[in-house]
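Right, one structure below, let's go through it.
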Amino acid sequence: MLDARVLRQETDQVAERLARRGFAFDRERFESLESERKRLQVETEALQARRNAESKKIGQAKAQGEDIQPLIAAVGELGEQLDSTKQRLAEIADELEEFLAGVPNLPDEDVPVGEDESSNREMHAVGEIPSFDFTPRDHVDLGAGLAGMDFEAAAKLTGARFVTLAGPVARLHRALSQFMLDMHTEKHGYTEVQVPFIVHADSLFGTGQLPKFADDLFRLEGETPWYLIPTAEVPVTNLVRDEILDRDTLPVKYVAHTPCFRSEAGSAGRDTRGLIRQHQFEKVELVQIVPAGDSERALEELTGHAETILDALELPYRRLMLCTGDMGFSAAKTYDLEVWLPGQEKYREISSCSNTRDFQARRMHARTRGGDGKPEAVHTLNGSGLAVGRTLVALLENHQCANGDILIPKALRPYMGGLERIEARA
RNA sequence: GGAGAGGUGUCCGAGCGGUCGAAGGAGCGCGCCUGGAAAGCGCGUGUACGGUAACCCCGUACCGAGGGUUCGAAUCCCUCCCUCUCCGCCA
């Protein structure tokens with residue numbers, strides 16, 4: 001949510017920056033809603049002030065045993081007026097709220113302007129793209145060869161876009177999560193948190209998934225509107241909702257390992273092979289809550305933490321700065337990390353690290369005290385560190401041998417009981 | 001799931017339907033006192049929105065949430081949420 005005051009005072013600049021990301025800000029509608037809101041609010045509050053004063057008189061008169069009937073009659077008509085302006089004010093306020101809730105964040109000044117991923121800017125590429133003296137297989141074939149990945153079984157249980165893992169591959173998947181958690185808690189200073197995988201609508205509003213992106217979510221049946229989390233960003237960031245955080249507790253750095261559930265509505269036909277795009281996947285998520293003014297540095301740091309994992313797993317990757325048109329709703333600036341997949345001969349997203357500045361904090365009323373002691377919105381950041389399923393894919397494809405064996409990178413061996421390679425079925 | 005208790009400011013805790021943004025205490029801040037500190041004393045100490053460009057200033061709202069009754073609701077009524085205790089069930 002943008003700062004309403006800034007929006008009012010610098011409407012032109014805001015509209016221009018929103019246009020960069022392809023969002024047409026309806027300034028006429030905003031200004032008419034806003035002026036109507038102001039008119040009704042002033043009117044309503046004046047009426048309330050009058051009513052309060054009159055009612056107070058009644059109280060005093062009554063205390064002195066005077067006749068209060070004439071006074072009551074005098075206030076009588078105030079009530080009706082108040083009811084109607086109050087109601088109109090509530091309607092306008094709701095409309096305005098809805099309008100503002102649908103406006104995305106402002107892109108940072110250094111974010112490249114563009115419509116789609118073709119305008120993303122590569123920042124750097126790390127690691128060498130492996131060359132094989134055989135035709136590398138993709139993870140689906142490799143997984144089958146290891147008897148460790150079964151899409152048909154999952155389809156039997158549930159449907160498309162699910163998978164079952166088995167044996168060493170299942171263990172590898174677990175090892176990756178553990179490794180990431182340990183790295184971030186022991187080396188990068190994050191506090192591990194375990195959170196609910198089901199949240200209510202307020203939490204999803206706070207991080208920006210609602211109201212606009214309900215179609216991407218799984219909603220549970222039942223009287224309470226509950227949703228499966230699409231990312232740990234939702235429950236973890238919302239830990240600070242409605243809080244005024246002590247300055248000296250910042251930065252708050254959380255890491256959480258959770259499943260993520262996405263409906264993938266609108267992705268029909270895309271990435272249908274393999275476990276690149278699943279309805280359920282696991283992710284180790286990094287979240288930082290920092291004072292305003294510290295978030296640019298924090299984004300570099302957090303993205304670096306995610307890259308550390310790729311380095312340790314000896315996976316080649318590159319970092320992109322997303323252009324304005326490719327960024328998510330809540331982001332002011334986003335780095336995507338893309339890992340090289342020999343099976344596709346392409347880089348594919350494995351992490352997305354965003355600075356939302358005060359956009360989410362404002363929606364969820366997460367604050368700290370500034371230098372003047374007054375509450376001010378914190379800044380929130382999040383990033384995958386990393387998506388576990390896709391990391392498994394990258395690991396299988398990059399560390400495969402001609403015979404289908406998989407070499408376990410050194411950093412991971414302690415988590416695999418010392419195992420150096422997973423052997424393909426004879 | 002059954003029975004009961006309760007949700008008030010940073011915390012504890014009071015609050016006959018009217019003068020309650022809310023007593024009192026603790027904590028915190030500033031000052032006095034002191035060689036310094038403690039104790040003691042004095043003063044101060046919520047948030048949001050709006051009127052304003054603006055600290056002050058003024059108005060409005062907020063005592064779990066949402067409705068209702070009333071000229072007037074922290075106080076009365078209804079619904080919901082949450083917490084605690086006991087019982088039942090259960091990983």
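Owing to the predicted nature of the structure, the values given are computational and were not obtained by experimental measurement. In what follows, chains carry the letters A, B, and so on, assigned in the order in which the sequence lines appear, proteins first and then strands, with residues in each chain numbered from 1.
Here B:C11 presents its P atom at 11 Å from CD1 of A:Ile244, a figure rounded to the nearest Å. As rounded to whole Å, 12 Å separates atom C1' of B:G68 from atom CG of A:Asp83. The distance from atom CD of A:Glu54 to atom C1' of B:G72 is 12 Å, rounded to the nearest whole Å. Atom NZ of A:Lys38 is separated from atom P of B:G50 by 8 Å (rounded to the nearest Å). The interatomic distance linking A:Glu243 (CD) with B:C11 (P) rounds to 10 Å, in whole Å. Rounded to whole Å, the distance from CD on A:Glu36 to P on B:G50 is 16 Å. Following rounding to the nearest Å, A:Leu89 (CG) and B:G59 (P) show an atom-to-atom distance of 19 Å. Rounded to a whole Å, the CD1 atom of A:Ile58 is 12 Å from the P atom of B:A73.
Here A:Gln48 lies in heavy-atom contact (under 4.0 Å) with sugar-phosphate atoms only. Across all strands shown, A:Arg8 has heavy atoms under 4.0 Å from sugar-phosphate atoms exclusively, and none from any base. Backbone-only engagement by A:Arg37 is indicated by non-hydrogen atom pairs under 4.0 Å involving sugar-phosphate atoms exclusively.
Taking the ring centroids of A:Phe359 and A:Phe329, they lie under the 6.0 Å cut-off.
The nearest heavy atom of RNA chain B to A:Ala4 and to A:Ser55 marks one nucleotide each, and the one closer to the 5' end goes with A:Ser55. Each of A:Arg50 and A:Pro375 was assigned the nucleotide of RNA chain B with the nearest heavy atom; the assignment lying further toward the 5' end belongs to A:Pro375.
Closest to the A:Gln41 side chain, of the nucleotides B:U19, B:G50, B:C71, is B:G50.
A donor-acceptor contact shorter than 3.5 Å links the side chain of A:Asn120 to the backbone of A:Cys323.
For A:Glu300 and A:Arg297, the salt-bridge test fails: no basic side-chain N is under 4.0 Å from an acidic carboxylate O. Ion pairing of A:Glu152 with A:Lys156 is absent here, as no side-chain N (NZ or NE/NH1/NH2) approaches a carboxylate O to less than 4.0 Å.
Straight-line distance between the C1' atoms of B:C20 and B:G9: roughly 13 Å, to the nearest whole Å. Rounded to whole Å, the P atom of B:A5 lies 16 Å from the corresponding atom of B:U79. Spacing of P atoms, B:G88 relative to B:C82, comes out at 23 Å, to the nearest Å. Between B:G42 and B:C55, the two P atoms lie 33 Å apart (nearest whole Å). Across B:C76 and B:U19, the matching P atoms stand 16 Å from one another, rounded to whole Å. Comparing B:A22 with B:G17, their C1' atoms are spaced 15 Å from each other, to the whole Å. Going from the C1' atom of B:G1 to that of B:C89 covers 8 Å, rounded to whole Å. Here the separation of B:C41 from B:G46, taken at their P atoms, is 22 Å to the nearest Å.
Cation-pi geometry between A:Arg174 and A:Tyr415 is not satisfied (NZ or CZ under 6.0 Å from the ring centre, within 45° of the ring normal).
When both pairing distances are held under 3.5 Å, B:C30 makes a Watson-Crick or G-U pair with B:G42. Of the nucleotides present, B:U47 is the one that pairs with B:A61 by Watson-Crick or G-U wobble criteria, both distances under 3.5 Å. For B:A53, there is no paired nucleotide, since no Watson-Crick or G-U wobble pair has both relevant distances below 3.5 Å. For B:A23, there is no paired nucleotide, since no Watson-Crick or G-U wobble pair has both relevant distances below 3.5 Å. The partner of B:U85 is B:A3, by the rule that a Watson-Crick or G-U pair needs both atom distances under 3.5 Å. With a 3.5 Å ceiling on both atom-pair distances, B:U70 lacks any Watson-Crick or G-U wobble partner.
Within 3.5 Å, no donor on the side chain of A:Glu45 pairs with an acceptor on the base of B:G50, nor the reverse.
In terms of phosphate contacts, A:Asn52 brings a side-chain nitrogen or oxygen within less than 4.0 Å of OP1 or OP2 of B:A61. A close approach under 4.0 Å does occur between a side-chain nitrogen or oxygen of A:Arg51 and OP1 or OP2 of B:A61. Put simply, A:Arg5 has no side-chain N or O that comes within less than 4.0 Å of OP1 or OP2 on B:A53.
Here the side chains of A:Arg413 and A:Lys410 are in contact, with some heavy-atom distance below 4.5 Å.
Checked by atom type, the side-chain pair A:Glu264/A:His279 shows no donor-acceptor distance below 3.5 Å.
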